[in-house]
Amino acid sequence: MSLSTGHRTHTCGELRVTHAGTPARLAGWVHRKRDHGNLLFIDLRDTYGVTQCVVAGGTPAFATAESLRLESVIMVGGEVVRRTPGAENPKLPTGEIEVAVSDLTVESMADTLPLQVNSDTEFPEETRLRYRFLDLRRERLHRNIVLRSRVIASIRRRMIDAGFTEFQTPILTSSSPEGARDYLVPSRVHPGQFYALPQAPQQFKQLLMTAGFDRYFQIAPCFRDEDGRADRSPGEFYQLDFEMSFVTQEDVFATIAPVLHGVFEEFADGRAVSPPPFPRITYDEALVRYGSDKPDLRNPLVIHDVGEVFRGSGFSAFAQALERGDVVRAVVGPKAAAQPRSFFDKLNEWGRAQEMPGVGYVTLADGAAKGPIAKFLDETRVARLMTITGAAGGDAVFFVCAKRPTVDTVAGRLRTKLGEDLGLIEASTFRFCWIVDFPMYERDEETGTIGFSHNPFSMPQGGLDALETRDPLTVKAYQYDIVCNGVELSSGAIRNHRPDIMFKAFEIAGYRREDVEARFGGMLNAFRFGAPPHGGSAPGIDRIVMLLAGETNIREVIAFPMNQQAQDLLMQAPSEVPPERLRELHIRLALPERRADAPSRQP
RNA sequence: GGGCUCGUGGUGCAGCCUGGUUAGCACACUGGACUGUCAAUCCAGAGGCCGCGGGUUCAAGUCCCGUCGAGCCCGCCA
């Protein structure tokens, strides 16, 4: 494949010793300049690499080159020459040659830069977003975005090889109940009515199954009006959305695990990837053992329930809490008994900052416990503690006490903190697991009502019978997540394709039959004309790339991300629109009172 | 909506805890020197309402209050 064009004969990453003695014409950005007064070097950069160009003093090109600012776009013509011995640069693939410039034209002079492209120093997020086009030139972000493209291409190829067909589904669609807030788009033709951007193509993919396409996938944009997090882009993100007909949960697992494993292996670059089948952890077990429904299995620590060790003991803080129904959880710090006192104090301080009650601990040596609360634990209790937790002499055991479900997350954070501080997190590894058997319903703590805990379209385990005969809070769904290194990559389910079960499922969550008809009429109707059992999932593309790129912030793998306030600082979105546009949409603004001295947030 | 952290020339940081000379360093920028560098080097220069407002004080980048902005977290995320 030749990348030569009307403006260049070669790319900046192409020339080698074999080209020496031939003419070449390059185009690119001035990455660096080294001016020796009568000899000047330009590192010319494009997406393919960097090539050193030499401009000799006294030539017309020299005067132009001296005045060049970094990041200007230039074109150079000249001869490819082998560098003199000792002058090669082993750091560059093109480092054995250079281009002796005979003509140089400036295509686009750059102003003084607000952020430096040729350096990896950190710049404020606001500057990076406002000048995203410059940030994208920088090596790290540039590499990430190219990686993203390659990952998506790999996913597409693997999905097609697995028998899936790619579809597009509407962007302007209808609002879906449950879930996050929708982004709404006003209709000009239908005053007072709105489209919603899809939070996911959920209903469309189920309709495609009902339409008999058997295996659907899409690199699908999803829109949710929710606040951002480091691993969650506000506004919009992409999913590998897929769905399969005539499948059980086992079939879905067996199909998608090799795809994900294959993609990760392809781009792991030396890092280990846990092979399928991925371990399965029930939702309940995940909360107790890992304190999270997205456990990081690179962390070898697990959480133990040690209520019985403290029940009726002299340590009244825990003993009394246990009587009230609280729970005590423990995490072992291997070899942590030797840590200095400050380690334990800092951990306790950290716990308080996390709005935990303090973090209790004992250290173990020769079957005896030491530490502030050790005196409350007799020999039997210490022995029991060691049996339950597997702790041995030289270890320390840390305790937190609270009600469920608070204690789960608190213990989970303690597990993470200890794993990190004790250096136990396995490096250079991708550890996958399935989280299975999610509860179908959960109780809203504020209102006391029962609602869907996840996807309302999931098939309840046990079907109609379970819904009719069991306590809803004990009913599990065929609902599953894929988790990798503590990041939730994907949520999926075997769907409920039976209208009778769907009405019952929604009835338990407080929806009347008419409500369900009104809101999901299209899909319900489809299920009355022959619907295959089906299920799928939707791994997050951005998060997959984030993991593979080794980034901890999702903006680093998105070419044009919004900031945490869901603003695009480069394109200045959202923005006000002219009154006449509002008028034809039949929209009148009712803005909140704004302080008169507050500056406008529009730049 | 709430919590924490941060805000100092174009940019990255120091100075703030413990108030007191001309606000320091690096990169970029401008001018000069230099024929083999590859983060070129050397010399010189320009560039700061220390986010904004108020307060304490003889004196505020520094202490206090408020406010605006950014990041992270909680809420939210079927």
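Bear in mind that the values here come from a model prediction, so they are computed numbers and not experimental data. Scope of the values below: all heavy atoms of this structure, side chains included, with no hydrogens, waters or symmetry mates. Just so we're on the same page: letters track the sequence lines, and every chain starts at 1.
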By the 4.0 Å heavy-atom rule, please label A:Q564 as base, sugar-phosphate, or nothing.
base
Residue pairs passing the salt bridge (Lys or Arg N to Asp or Glu O under 4.0 Å) test with at least one member in residues 54-68 of chain A, sequence neighbours excluded, are none
Open item on the list: Using the P atom as the point on both nucleotides, what is the distance between B:rG24 and B:rC73, in whole Å?
Closed with: 37 Å
Sequence neighbours excluded, the answer for side-chain hydrogen bond (donor to acceptor under 3.5 Å, both in side chains) partners of A:S108 is none
Self-check item: C1' spacing across the pair B:rU21 / B:rC13, given as an integer number of angstrom
Solution: 23 Å
In short, salt bridge (Lys or Arg N to Asp or Glu O under 4.0 Å) pairs touching residues 481-500 of chain A with sequence neighbours left out are A:E243-A:R495, A:R498-A:D500
Sorted by chain and number, sequence neighbours left out, side-chain hydrogen bond (donor to acceptor under 3.5 Å, both in side chains) with A:D296 holds for A:R298
Report task. Answer with yes or no whether A:N553 presents, from its side chain, a donor or acceptor under 3.5 Å of a partner atom in the base of B:rG71. Result -> no
Quiz item: Using atom P of each nucleotide, how far apart are B:rU5 and B:rC43 to the nearest Å?
Solution: 42 Å
Separation of B:rU30 atom P from A:E66 atom CD, nearest Å, is 12 Å
Between B:rG10 and B:rG3, how many Å separate the two P atoms, rounded to a whole number? 32 Å
Taken to the nearest whole Å, CG/A:L129 to P/B:rG71 is 7 Å
Across all chains, not counting sequence neighbours, the side-chain hydrogen bond (donor to acceptor under 3.5 Å, both in side chains) partners of A:S233 are none
*asked:* Could you check whether any side-chain N or O of A:R132 sits under 3.5 Å from a backbone N or O of A:A559, counting only pairs where one atom can act as donor and the other as acceptor?
replied: yes
Salt bridge (Lys or Arg N to Asp or Glu O under 4.0 Å) filter on A:D43, not counting sequence neighbours, yields A:R34
**Prompt:** Heavy atoms, side chains only, cut-off 4.5 Å: are A:H142 and A:R45 in contact?
**Reply:** no
Side-chain atoms of A:E126 come closest, of B:rU35, B:rA70, B:rC76, to B:rA70
For residues 39-90 of chain A, the ring pair (Phe, Tyr, Trp, His ring centres under 6.0 Å) pairs (sequence neighbours left out) are A:H36-A:F41
For B:rC34 and A:N38 - does any side-chain N or O of the residue sit under 4.0 Å from the phosphate oxygens OP1/OP2?
no
(Q) Would you measure the distance from the C1' atom in B:rC42 across to the matching atom in B:rC34 and give it in whole Å? (A) 8 Å
**Q.** Residue-phosphate contact under 4.0 Å: A:Q565 side-chain N/O, B:rA70 OP1/OP2
**A.** yes
key: C1'-based separation of B:rA60 from B:rG53 [nearest Å]   = 15 Å
Could you tell me whether A:R555 contacts a base, only the sugar-phosphate backbone, or nothing, with contacts defined as non-hydrogen atoms closer than 4.0 Å? sugar-phosphate
Sorted by chain and residue number, the side-chain hydrogen bond (donor to acceptor under 3.5 Å, both in side chains) partners of A:Q239 (sequence neighbours excluded) come out as none
Tested for side-chain hydrogen bond (donor to acceptor under 3.5 Å, both in side chains) against A:Q199, the lone hit among A:D225, A:D182, A:T173 is A:D182
Heavy-atom contacts, protein to nucleotides 37-46 of chain B, under 4.0 Å, summarised as B (base), S (sugar-phosphate only) or - (none) per nt, yield BBSB------
Is the distance from OP1 or OP2 of B:rU30 to the nearest side-chain N or O of A:R69 less than 4.0 Å? yes
Under a 4.0 Å heavy-atom cutoff, the residues of residues 486-502 of chain A touching RNA chain B are none
*Has A:Q199 got a side-chain N or O lying under 4.0 Å from the OP1 or OP2 atom of B:rC77?*
no
Atom CZ of A:R229 and atom C1' of B:rC77 are separated, to the nearest Å, by 9 Å
So the salt bridge (Lys or Arg N to Asp or Glu O under 4.0 Å) pairs with at least one residue in residues 47-62 of chain A (sequence neighbours excluded) are none
message = Would you say A:Q479 and A:N455 are linked by a side-chain donor-acceptor pair, where the criterion is simply a distance under 3.5 Å?
response = no
Point to revise | B:rG19 and B:rC58, which share atom name C1', separated by this distance in whole Å | key: 12 Å
A:D135 atom CG is separated from B:rU11 atom C1', nearest whole Å, by 13 Å
When rounded to whole Å, the CG to C1' distance for the pair A:L134 and B:rA28 reads 13 Å
Here the helical stems involving RNA chain B, each at least 3 consecutive Watson-Crick or G-U pairs closer than 3.5 Å, sorted by first residue number, are B:1-7 with B:68-74, B:10-13 with B:24-27, B:29-33 with B:41-45, B:51-55 with B:63-67
To the nearest angstrom, the CG-P distance between A:D111 and B:rG10 comes to 15 Å
Carboxylate-amine/guanidinium contact A:R128 A:E556, below 4.0 Å: yes
Whole-Å distance, A:I554 CD1 to B:rG71 C1', equals 16 Å
Check your understanding: Quantified in whole Å, what is the P atom distance between nucleotide B:rG45 and nucleotide B:rA39?
Key -> 28 Å
query = Does a side-chain N or O from A:Q116 land closer than 4.0 Å to OP1 or OP2 of B:rC29, or not?
reply = no
note: A:R232, atom CZ; B:rG71, atom P; distance rounded to Å ~ 14 Å
Taking for A:R224 and for A:S119 the nucleotide of RNA chain B with the nearest heavy atom, the one nearer the 5' end belongs to A:S119
